[in-house]
Amino acid sequence: MSFSITDTPIDLPAIRAALEHHGCGAAVFFEGRVRDHNEGEAVDRLEYEVYRPLAQSEGEKILAEAAERWSIERSVCIHREGRLELGELAIVVGVVSAHRDEAFQAARYIIDEAKVRLPIWKKEHYRSGEAHWVNCQRCGAHAHAHSG
Amino acid sequence: MSFSITDTPIDLPAIRAALEHHGCGAAVFFEGRVRDHNEGEAVDRLEYEVYRPLAQSEGEKILAEAAERWSIERSVCIHREGRLELGELAIVVGVVSAHRDEAFQAARYIIDEAKVRLPIWKKEHYRSGEAHWVNCQRCGAHAHAHSG
Amino acid sequence: MKTVHVRYFAAFRDATGRSEETIASAAETLAELFGERVAAHTALHPEAAARVALNDTLVDWESAFSDGDEVLFFPPVAGG
Amino acid sequence: MKTVHVRYFAAFRDATGRSEETIASAAETLAELFGERVAAHTALHPEAAARVALNDTLVDWESAFSDGDEVLFFPPVAGG
């Protein structure tokens, strides 16, 4: 299991090399890529802010949970930090296992948990010149349960 | 959508290039690799026999079904033919879509259907020197419904 | 009697010792035709998940066939 | 009064115009502490999915805190 944050482009060949294992008949990879649109707005580029100490420990926890729940051999998750252009990799998850069902389920679990648990924030820069923290400006109107 | 059979090693960079799409935030890849064991026997290498005309049409049908059921942008499936060594890619499925749920579900559908519908047969060569057509020698004892 | 061209794949080819043969048959369905082939080749056995194609289209075992057809006998597949 | 070191991330940093500050607080829970910060920074607003960490550990908003603690206010995350 290997979780990491990187401020340089994600190195796919290195991930593949880490997941070579002759006992594994199945490999599942998920790639999150910078998309050119979000909720109707044309996106130009992204910026990811990461709080590394907690992102690292939480990311390792997620991989450990996946390894506990499914019989997988190895897993890798790398998240990008900083400025990203269209099409660049924001996150890559890779899992290998003897059979495919486990690899699919574990990869899905890892990306689903990573999206909601890692202390990472995304700022979208739009073609219009505006920029927004995703999820933030839009939920600012909602009261939150804890702020009495 | 692109389905193909190849008797040379599967070209991953070409698959990745075919799936570059700035409208897609999610990419899911499945790789079936030659595993060093099966049902307790040490496997040395494999041989895939493919009946190309039907494999091609059935493969294209599977990709079309996936595109109909899920909102995906592009999909690729390549299956290997001939002799394969340990760790080599037997099949690669790649799907890109705007959001991850569709890509995961479509990729899973494609590999599940490919395994049961493509006219492809696998011969395992064991370290012991023996070789078996997988699924065949083992189900030979069962009567089949249609042979009255 | 109809004359058909039959092709065997993978384990079926190994069992019959040939990849194809042209035969005359009185069978009405493809299941019956396969039954005749099992009788003709001692090492050929029925397989639960075997499939059959007629002129490059997968069809039901109970399908009829015509003089001059090409029949493909597929043992259980194992792709991926 | 307890003295705590507070850090703001992403949208919270933009809203407060700072990434950190050291403050004296009479609040008992982290939720109350955040409420004080909302009162102090007009552009800072509560967020339904905001989270809080105490000395690099994610904790409940109702947790207490001690003099000298470091408190991290995380706006809703959006990784991946």
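All chains are named by letter (A, B, ...) in the order of the sequence lines, taking the proteins before the strands, and each is independently numbered beginning at 1.
For residues 53-68 of chain A, an interface with chain B (any heavy-atom pair closer than 4.5 Å) does not exist. Taking non-hydrogen atoms and a 4.5 Å limit, the residue list of residues 5-29 of chain B in contact with chain A, ordered by number, reads L12(B), R16(B), L19(B), E20(B), H21(B), H22(B), G23(B), C24(B), G25(B), A26(B), A27(B), V28(B), F29(B). Contacts between residues 90-110 of chain B and chain A, defined by a heavy-atom separation under 4.5 Å, are made by V96(B), A98(B), H99(B), R100(B), D101(B), F104(B), A107(B), R108(B).
Taking the six-membered ring for Trp, Y126(B) and H132(B) have ring centres closer than 6.0 Å.
Atom-to-atom distance recorded for K115(B):NZ and R117(B):CZ is 15.5 Å, nearest 0.5 angstrom. For the atom pair CH2 (W70(B)) and OG (S75(B)), the distance works out to 11.5 Å, reported to the nearest 0.5 Å. Atom CZ of residue R33(A) and atom CG of residue L89(A) lie 6.5 Å apart, to the nearest 0.5 angstrom. Note that CD of E113(B) and CG of L118(B) are 9.5 Å apart. Values are rounded to the nearest 0.5 Å. Once rounded to the nearest 0.5 Å, the distance linking NE2 of H125(B) with CZ of R127(B) reads 14.5 Å.
Contact between V43(B) and L46(B) at its shortest, heavy atoms only, is CG1-CD2, 4.2 Å.
Looking at heavy atoms from C-beta onward, E49(B) lies out of side-chain contact with I120(B) at the 4.5 angstrom threshold.
Note on residues 80-91 of chain B: pairs passing salt bridge (charged side-chain N to carboxylate O under 4.0 Å, His left out), not counting sequence neighbours, are R52(B)-E81(B), R80(B)-E88(B), R83(B)-E85(B).
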Please assess M1(A) against R74(A) for the test side-chain contact (heavy atoms from CB on, under 4.5 Å), listing each intermediate value before the final yes or no. CA-CA 6 Å; M1(A) 293 183 303; R74(A) 290 186 194 161; over 6 Å; no
